[in-house]
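Notes follow once the structure below has been shown.
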Amino acid sequence: MENEGKLLAGALVTLGLATAALVVLPYIQVRDIQPPEDLKPYTSAELRGRSVYVANGCMYCHSQQPRDRNFGPDAERGWGRASVPADYVYDRPHQLGSMRTGPDLFNIGVRQPSKDWQLGHLYQPRAYVPGSIMPSYPYLFEVKDSAETGDEVIRLPPGFGPPGKVVVALPEALDLVKYLQALKHDYPVLPAEPQVVAGPAP
Amino acid sequence: MDSAILSLLGAFLLSVIGLFVFIWSLRKGLLVENPRAASVIFARGELGRVDDPALKATAQAAMQAAAREPGDAPHAPDPGEVAQRIAADRSTAVPVFMFIALACLWLLLGSLAGLTASLKLHMPDWLVHEAWQTFGRMRTLHLTAIFYGWITNASLAIILWLLPRLLRTTLAGTWWVLLGGVLINMAVASALFAIASGWTDGMEYLEMPWQIGIFLVAGLACIIGPVLYTLANRQVESLYVTIWYHVAALLWITLLFIVAKLPGVHFGVQQATTNWWYGHNVLGLWFTPVGVGAIYYFLPKIIARPIRSYNLSILGFWTLAFFYAQVGGHHLVGGPIPGWLVTLSIVQSMMMIIPVAAFAINMSGTLWGRMHLARWSPTLRFMLFGGLMYVLASLQGSFEALRAINQVTHFTHFTVAHAHLGAYGFVTMVLFGAIYFMLPRILQWEWPYPRLISLQFWLAAGGILIYFISLTLGGWRQGQAMLDASRPFMESVTLTVPYLQWRSVGGALMLSSHLIFVGHVLAMLLRLGPQRTGAALFAQPRGLELTRGE
């Protein structure tokens with residue numbers, strides 16, 4: 001092999017083929033997808049919360065893609081029905097994730113709608129889930145001697161708050177919880193396109 | 001139409017095309033071996049002379065004695081061609097040194113961040129009061145510093161150092177290359193600050209904000225220009241396989257990054273497929289070709305024997321280029337993306353066995369009867385370890401893509417272990433070996449403490465093995481627990497903790513090996529260490545090259 005032209009052309013063609021298959025075709029296929037009627041665009045508070053989710057890398061431990069029943073017990077765990085492309089039309093950047101160090105969050109708003117629980121759990125996960133390895137997020141909160149007007153004081157199980165003080169949620173924490181509460185994809189959708197062989201080959 | 005008929009038709013068409021390719025390759029003489037092209041890495045008369053600049057002259061002589069085969073006659077390499085190579089090395093010394101020095105810096109920072117992130121997974125209330133220290137950011141700092149800082153800089157060093165050597169010319173446009181290096185490293189530094197402060201594009205491997213990414217692309221473009229110009233003005237007829245891998249890899253990473261980063265285009269699931277198209281290609285079309293290309297040069301050069309089959313290496317190149325580019329969809333098995341795309345990626349993942357087998361067969365053929373030289377040559381040890389891990393990691397990856405296995409391993413630490421087997425066991429070990437080979441030539445000074453090279457090898461190898469084995473076991477058990485609906489989810493979390501602790505032990509060994517490595521580079525730079533022939537050789541590099549049989 002002695003021709004650098006062949007090298008350059010060949011390298012570009014093989015990459016072009018892959019780009020067509022993995023980037024362009026999916027783009028064409030999902031470009032005109034309509035959002036489901038019951039999927040509302042994010043409010044501005046939820047969008048702010050989403051950016052807190054992105055900035056702190058929640059995605060590295062939490063997926064947002066419940067799988068089909070014959071792929072795993074996602075539905076039994078309360079993570080919801082298998083997701084479809086239309087569920088994600090408002091998502092930029094996508095947060096599908098690749099790890100389940102913690103549970104899937106695509107329907108956390110259905111499973112755990114309580115604001116108090118979410119705030120307390122962000123402040124100290126082990127106050128609610130013994131054995132959890134999720135980091136605590138004290139920097140999303142402020143510890144004060146006493147609450148002022150308009151402060152969102154969080155209620156922690158006894159023994160987990162700083163003694164004699166109150167813990168107040170910062171706006172980032174409140175927005176993040178609004179986003180988590182909005183993660184509800186329990187509306188019906190048309191069945192997903194048939195996955196070629198869903199589940200292990202027979 | 002029925003899918004069975006379609007696949008039958010597809011298979012038929014494929015066989016006919018395969019038949020034509022076979023006939024064409026016979027006509028072009030591609031099945032006839034081409035030893036001349038394989039020997040282009042040696043100067044005339046140099047075959048049979050082992051070469052490891054990381055060794056002292058006495059150790060080199062011992063290795064030469066061990067490599068001697070019956071019938072070998074003493075001969076000297078052509079002085080003209082050696083002089084050409086010295087000129088090639090001189091032309092790249094400054095930029096290559098810059099890339100290596102910066103790579104060392106990012107290696108230390110990146111592995112420190114990695115160990116911190118690993119510890120945080122089993123010590124969740126440690127270092128939680130500052131946002132930049134949280135797991136989600138620390139992990140990303142680790143990935144960005146290692147991928148774009150350490151591996152990319154060290155890869156560019158190898159590409160630039162080998163290019164003029166293999167083309168028997170000097171590097172053109174050194175200033176452009178230096179500028180490119182500055183831009184790339186400015187981008188890496190800015191990206192780390194951005195991520196630490198919470199400014200991220202929020203996609204795995206692509207966290208670097210696109211505004212900063214512009215500098216990375218500009219830097220790569222500044223390097224591609226001189227590389228292509230040097231390629232066009234080469235003094236050799238035949239392009240060695242390393243050139244194929246390296247030049248293509250440089251183009252690929254640039255295009256991949258541009259397409260994946262196009263702002264405002266990608267959204268939702270399409271963004272996810274693009275994300276993983278990039279995510280796997282940065283391994284498959286950047287790290288892998290750089291690492292494989294480096295092994296194709298350094299390994300035969302050290303043992304002084306051309307690769308067994310040049311044509312097989314080219315087959316490996318084209319099959320890698322074709323199959324590897326399409327495997328990214330296997331990261332979304334079971335996800336909300338079109339089924340055909342996942343199937344395509346799984347098929348191509350299995351097809352990756354072809355280039356890996358081509359590499360494995362070629363390397364074992366080349367090494368046959370010379371494996372024992374690894375006892376003498378530390379560089380060869382790194383290359384052997386890296387090559388073996390490449391084969392293992394790739395085969396593991398092919399099978400991991402199968403739905404039955406992916407169902408268990410997806411979303412678990414198993415995948416993390418696999419990624420580190422590739423990026424560390426293979427790529428990083430090859431990069432270490434290459435730097436041990438290159439730096440004495442660049443600085444014209446010997447490694448001050450050769451024993452540290454062995455120590456570093458064993459710490460790094462031991463570290464990655466502990467890391468890989470513990471996390472593979474833990475990940476598999478985690479996956480099984482998650483699939484069992486009768487076990488609460490928390491069980492899949494708590495059972496991994498001991499494995500995560502072992503991962504930190506492995507990580508600590510790896511970090512300590514990096515401290516030794518970077519310390520050794522610093523010692524060499526400061527001209528420390530026992531007095532040797534070093535000072536004399538600094539004044540007369542040419543003399544050294546000739547006596548060493550370079």
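Values reported hereafter were calculated over all heavy atoms of this structure, with side chains retained and with hydrogens, waters and symmetry mates removed. Chain identifiers are assigned alphabetically (A, B, ...) following the order of the sequence lines, protein sequences preceding nucleic acid strands; residue numbering begins at 1 within each chain.
- Interface residue B:V416: only side-chain heavy atoms are found under 4.5 Å from chain A.
- For chain A, no part of B:L206 is nearby; none of its heavy atoms comes within less than 4.5 Å.
- With 3.5 Å as the limit, one finds no donor-acceptor pair spanning the side chains of B:H410 and B:H331.
- The parts of A:R92 that come within reach of chain B are both its backbone and its side chain, each placing non-hydrogen atoms under 4.5 angstrom from that chain.
- Under a 4.0 Å N-O distance rule, the pair A:R81/A:D186 does not qualify as a salt bridge.
- Looking only at distances, a side-chain donor or acceptor of A:D87 sits under 3.5 Å from a matching main-chain atom of A:V84.
- Contacts of residues 101-112 of chain A with chain B at a heavy-atom distance below 4.5 Å involve A:T101, A:G102, A:P103, listed in sequence order.
- The choice from A:L96, A:N56, A:L140, A:D91 that makes the most heavy-atom pairs within less than 4.5 Å of chain B is A:N56.
- Looking at B:T273, the atoms closer than 4.5 Å to chain A (heavy atoms on both sides) sit in the backbone and in the side chain alike.
- Only the side chain of A:C61 has a heavy atom closer than 4.5 Å to any heavy atom of chain B.
- Near-neighbour residues of residues 12-26 of chain A relative to chain B, defined by a heavy atom under 4.5 Å from a heavy atom of that chain, comprise A:L12, A:T14, A:L15, A:L17, A:A18, A:T19, A:A21, A:L22, A:V23, A:L25, A:P26.
- The nearest pair of heavy atoms linking A:Y88 to A:S83 is OH-OG, 2.8 Å.
- For residues 121-134 of chain A, heavy-atom neighbours of chain B at less than 4.5 Å comprise A:Q124, A:R126, A:V129, A:P130, A:G131, A:S132, A:I133, A:M134, sorted by residue number.
- Chain B is approached within less than 4.5 Å, heavy atom to heavy atom, by no residue from residues 175-183 of chain A.
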Could you check A:Y60 against B:E204 for side-chain contact (heavy atoms from CB on, under 4.5 Å), going step by step and ending with a plain yes or no? CA-CA 8 Å; A:Y60 299 110; B:E204 259 178 274; 3.5 Å; yes
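- A salt bridge does not link A:R48 with A:E172: none of the charged nitrogens is closer than 4.0 Å to a carboxylate oxygen.
- Residue contact with chain B, scored on non-hydrogen atoms closer than 4.5 Å, involves the side chain of A:S63 exclusively.
- Judged purely by distance below 3.5 Å, without hydrogens or angles, the side chains of A:S114 and A:D116 never pair a donor atom with an acceptor atom.
- For the set A:Q65, A:R77, A:E76, the entry with the most heavy-atom pairs within less than 4.5 Å of chain B is A:R77.
- No part of B:S197 comes within reach of chain A, as not one of its non-hydrogen atoms sits under 4.5 angstrom from that chain.
- Side-chain contact check for A:Y53 and A:E46: no donor-acceptor pair (N or O, by modelled atom type) lies under 3.5 Å.
- Between the side chains of A:W79 and A:Q64, not a single donor N or O lies within less than 3.5 Å of an accepting N or O.
- Proximity to chain A is absent for every atom of B:V241, based on heavy atoms less than 4.5 angstrom apart.
- Proximity to chain A (any heavy atom under 4.5 Å) is shown, for B:D125, by both the backbone and the side chain.
- Between the side chains of B:Q270 and B:T274, at least one donor N or O lies within less than 3.5 Å of an accepting N or O.
- Interface residue B:E207: only side-chain heavy atoms are found under 4.5 Å from chain A.
- Looking at B:L500, the atoms closer than 4.5 Å to chain A (heavy atoms on both sides) all sit in the side chain, from C-beta outward.
- Between the side chain of B:T140 and the backbone N or O of B:G136 there is at least one donor-acceptor pair closer than 3.5 Å.
- Ring orientation note: the planes of B:Y205 and B:W276 are nearly perpendicular, at an angle over 60° on the 30°/60° scale.
- Neither the backbone nor the side chain of B:I405 has a heavy atom closer than 4.5 Å to any heavy atom of chain A.
- Across all their heavy atoms, A:H94 and B:G268 have their closest contact at CB-O, 3.5 Å.
- Considering only heavy-atom pairs separated by less than 4.5 Å from chain B, the leading option among A:S51, A:G97, A:A55 is A:A55.
- Contact count against chain A (heavy-atom pairs under 4.5 Å) is highest for B:F267 among B:F267, B:F323, B:Y324.
- A salt bridge between A:D74 and A:R100 is present, with a side-chain N of the basic residue lying under 4.0 Å from a carboxylate O of the acidic one.
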